[in-house]
Amino acid sequence: MSAASRRNPFPVNWPARVAWVALAAYTVYAASLFQLTWTRFLTGIDNGAKFLDRMFPPLLGKWDLLWVGMSESVEIALIASALGVVLSVPVGLLAARNLMPGWVTWLARGLIALCRSFHPMIVAILFVKSVGFGALAGIMALVVSSIGFIAKLFAEAIEEISLKQVEAVRATGAGFANVLIMGVIPQVLARFIGFATYQIDSNLRNSTMVGIVGGGGIGATLFTAFQRFDYDFVLTILITIIALIMVGEIVSGWMRRTFQ
Amino acid sequence: MSAAPAAASIAREWQRFTPRQRLTRYAFYLFAVAALMQSLRSVEIIPEFLEDMPEQVADLFTRMWPIDWNYYPTTVHAALVETLHIATLGTILSLALAFPVGIMAARNIVRWPAVQLFAKFILVSSRSVNSLVWALLFVAVFGPGALAGTLAIAFRSIGFVGKLLGEALEEAHRGPVEALTAAGAPPASVFLKAYWPQVQPSFWSIALFRLDINIRESAVLGLVGAGGIGTALDDALSLLYWDQVAMTLLTIFAVVIVAEIAVTYIRSRIL
Amino acid sequence: MTQGGFGSGAAGGTPDRSLRLVGLRKEYVRGTPVLRDVSIDFAPKGMTAIIGPSGTGKSTLIRCVNRLVEPTAGQILFLGRDMAKLHGGELRTARRRIGMVFQEYNLVERLTAIENVLCGRLGYVSAWRAWLRRYPAEDIDGAFELLEAVGLAERAGQRADALSGGQRQRIGIARALMQRPDLLLADEPTSSLDPKTSVEIMELMVELAGRRDIPIVINIHNVELAKRFAQRIVGMTGGSVVFDGRPEELRDEHLKAIYGGEAWL
């Protein structure tokens with residue numbers, strides 16, 4: 001062994017070092033690009049204090065507006081989840097490469113990729129143009145994102161199943177539908193329920209936002225309150241939204257425990 | 001065919017469920033169907049709009065085509081670069097902020113319940129507020145622009161990164177920790193040489209995963225004035241220049257696909 | 001290769017390396033002791049093997065010595081101090097003087113062999129220097145000497161997860177000796193290894209520790225290995241010592257008392 005390697009057992013990892021320096025340089029560069037200066041920070045803190053000051057106490061008067069918006073958000077989330085879950089089953093099955101012929105899976109995968117690649121807000125914008133302002137546009141946007149999420153993971157779950165059980169069912173002479181029901185579904189049901197409940201939570205979160213672009217629900221009310229500087233009402237809405245999301249998580253947790 | 005009847009038939013065949021469990025299930029079905037029915041009855045859907053849809057979609061596509069390619073060099077390109085900066089810088093910032101929170105949330109490292117509760121509070125509040133709401137808040141504080149977007153992305157990501165980092169730390173093998181403790185190493189060294197080498201791959205994987213999500217999310221922040229490509233989209237939308245909207249959407253689509261492929265590739269390399 | 005250059009004791013002469021346990025007691029659950037007031041005097045050199053059935057508190061006993069497990073009561077007298085009473089920095093200073101070899105090796109898998117050996121110096125090196133990997137030059141020399149002594153010098157730059165079980169345990173021994181300890185604890189160091197490798201590991205430990213006059217306290221399942229390498233055997237059952245003597249004094253009736261039954265003999 002050479003004396004040099006004995007003295008320095010830690011050869012410099014040049015790629016890692018270069019990467020760290022590049023990351024640091026980038027951070028400084030990007031921060032300067034956004035004019036992240038000390039004075040701006042201080043002004044921001046000052047604004048933040050005023051902002052918080054105007055937020056408190058939360059406004060407790062406009063119950064009507066809050067109720068209408070929140071209930072519409074919940075309705076959007078529920079309908080979109082039901083439709084999304086139901087539609088995800090066939091799409092996911094068609095996308096599973098171990099069950100379907102190649103060309104079918106490519107079509108289904110293309111559909112899933114299309115549903116996935118746009119943020120629900122952008123999809124909502126397009127549906128607002130197509131079906132007008134209101135809850136329908138929000139529902140359709142969330143259905144699209146539900147299919148993108150559930151069908152993709154469902155297809156992946158199906159591709160991971162043990163084919164031995166499927167073979168065993170097929171060997172009994174069962175038809176294709178029976179093979180699905182007895183050989184495939186039991187193996188993936190628990191995971192499907194997991195994806196579905198996760199997406200229900202996600203839909204609930206997004207249903208409070210699609211209103212910003214005209215998709216119905218509390219989002220419109222929230223955005224208007226921001227634009228009118230009604231920060232005390234903003235706080236009321238935010239607290240309600242967070243409470244709703246937490247209740248939603250409790251319910252979906254209960255659902256998961258009941259069915260898995 | 002839906003998943004629910006299959007679940008019910010299994011429940012009957014296996015006889016694994018107590019009457020109480022079965023009752024819970026039926027209560028759940030009842031609740032779900034009632035909620036759905038109520039929603040369908042009260043939600044405001046105007047059927048005429050639905051009938052009008054094919055016509056509107058056709059109209060949308062004719063307005064979108066031909067795509068205004070010229071919108072890219074004049075506006076979209078700069079906005080796209082800004083979006084990528086928002087996503088990347090926001091992710092870096094969130095990693096720095098989430099690192100201590102993740103450590104505080106790991107039950108095998110921090111043993112004071114108060115600190116853990118504090119960490120959990122930060123993680124939950126970060127995740128319960130949508131990135132658009134974070135963006136609205138920071139626009140109100142710092143004014144419109146990319147700075148608000150970056151902070152929104154960073155604050156929204158703390159919960160995600162911190163939670164996963166905390167879980168990775170909790171899954172770290174106890175052995176090396178024990179060995180270094182037995183050698184008399186101070187806590188900082190134990191973290192550095194026993195925990196960190198074990199969680200490092202997951203840490204970078206979490207960071208990349210979040211970067212992928214953040215690129216998608218940062219594309220819409222402009223809708224509320226927080227900078228990036230969403231601003232270009234919002235401008236085109238408010239002027240009803242659908243050919244420019246099409247150009248912007250095409251760009252977002254391309255970037256999201258490229259980002260996903262790149263992230264998947266890098267993750268498979270480091271893991 | 002210098003003979004025992006590294007880890008051959010403190011510069012100012014060898015301190016008294018005998019370990020005394022007095023009335024050591026451990027209850028994980030209140031009222032059900034795992035160790036029942038164990039008192040043992042260990043010799044300042046040579047190997048003492050602790051044998052006994054699984055779950056009898058051998059591992060707890062060894063882990064109490066360097067306080068990886070908190071004893072409920074009793075004294076652990078070593079180098080003129082009671083280990084049971086130390087806290088924080090004092091405890092870490094005391095732990096540096098005691099090396100430990102583990103059943104599952106407990107190496108940091110993603111670090112190289114040489115850095116795992118250098119982990120033995122972490123009690124002496126600041127976290128900052130450890131992060132920058134600026135270990136003192138004499139430590140690096142010492143680590144290479146130990147790697148050579150355990151026969152793995154050419155593996156220095158390999159990651160620990162690329163090594164076989166026997167090789168990992170050799171690294172584990174080198175790491176423990178890297179502390180220049182006054183006592184070596186070994187918790188089932190051969191249980192995860194095949195019979196041939198087990199013997200090699202025992203030989204290596206006895207030789208390297210013997211050269212440095214470091215006493216070894218080992219807890220071991222394999223009675224044959226214990227009889228072959230230890231100068232003294234302590235048999236435990238149900239948290240108490242039931243045999244204490246030289247290997248040649250250990251008879252079948254003792255084993256029956258320790259492990260119960262006789263069909264296995």
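Chain A is the first sequence line, chain B the second, and so forth, proteins listed ahead of strands; every chain is numbered from 1. In this text, all values refer to a predicted model and were calculated from it rather than measured experimentally.
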Quiz item: Non-hydrogen atoms of chain B under 4.5 Å away: do they reach the side chain of C:Glu115, the backbone, both or neither?
Solution: side chain

Exercise. Could you tell me which residues in residues 160-191 of chain B have at least one non-hydrogen atom under 4.5 Å from a non-hydrogen atom of chain C, sorted by residue number?
Key: B:Gly175, B:Pro176, B:Glu178, B:Ala179, B:Leu180, B:Thr181, B:Ala182, B:Ala183, B:Gly184, B:Ala185, B:Pro186, B:Pro187, B:Ala188, B:Ser189

Quiz item: Crowded around C:Tyr28 OH? As in, over 12 foreign heavy atoms under 6.0 Å?
Solution: yes

Exercise. Flag yes if more than 12 heavy atoms outside B:Phe118 fall under 6.0 Å of its CZ atom; otherwise flag no.
Key: no

Quiz item: NZ of C:Lys45: more than 12 outside heavy atoms within 6.0 angstrom?
Solution: no

Self-check item: B:Lys193 side chain to C:Cys119 backbone, donor-acceptor under 3.5 Å
Solution: no

Quiz item: Given B:Gln198 and C:Arg110, is the side chain to side chain contact (heavy atoms under 4.5 Å, CB included) satisfied, shown in steps?
Solution: CA-CA 7 Å; B:Gln198 292 192 61; C:Arg110 290 173 49 82; 5.8 Å; no

Practice problem: Measure distances from C:Val101 to the heavy atoms of chain B and classify the residue's part below 4.5 Å as side chain, backbone, both or neither. | Solution: neither

Exercise. Check each atom of C:Arg67 against the heavy atoms of chain B and say whether the ones under 4.5 Å are side chain, backbone, both or neither.
Key: neither

Quiz item: Side chain, backbone, both or neither: which part of C:Leu111 has a heavy atom under 4.5 Å from chain B?
Solution: side chain

Practice problem: Below 4.5 Å from any heavy atom of chain B, which atoms of C:Leu68 appear? Answer side chain, backbone, both or neither. | Solution: side chain

Self-check item: Engaged part of C:Arg159 at the chain B interface, taking heavy atoms whose separation is under 4.5 Å
Solution: neither

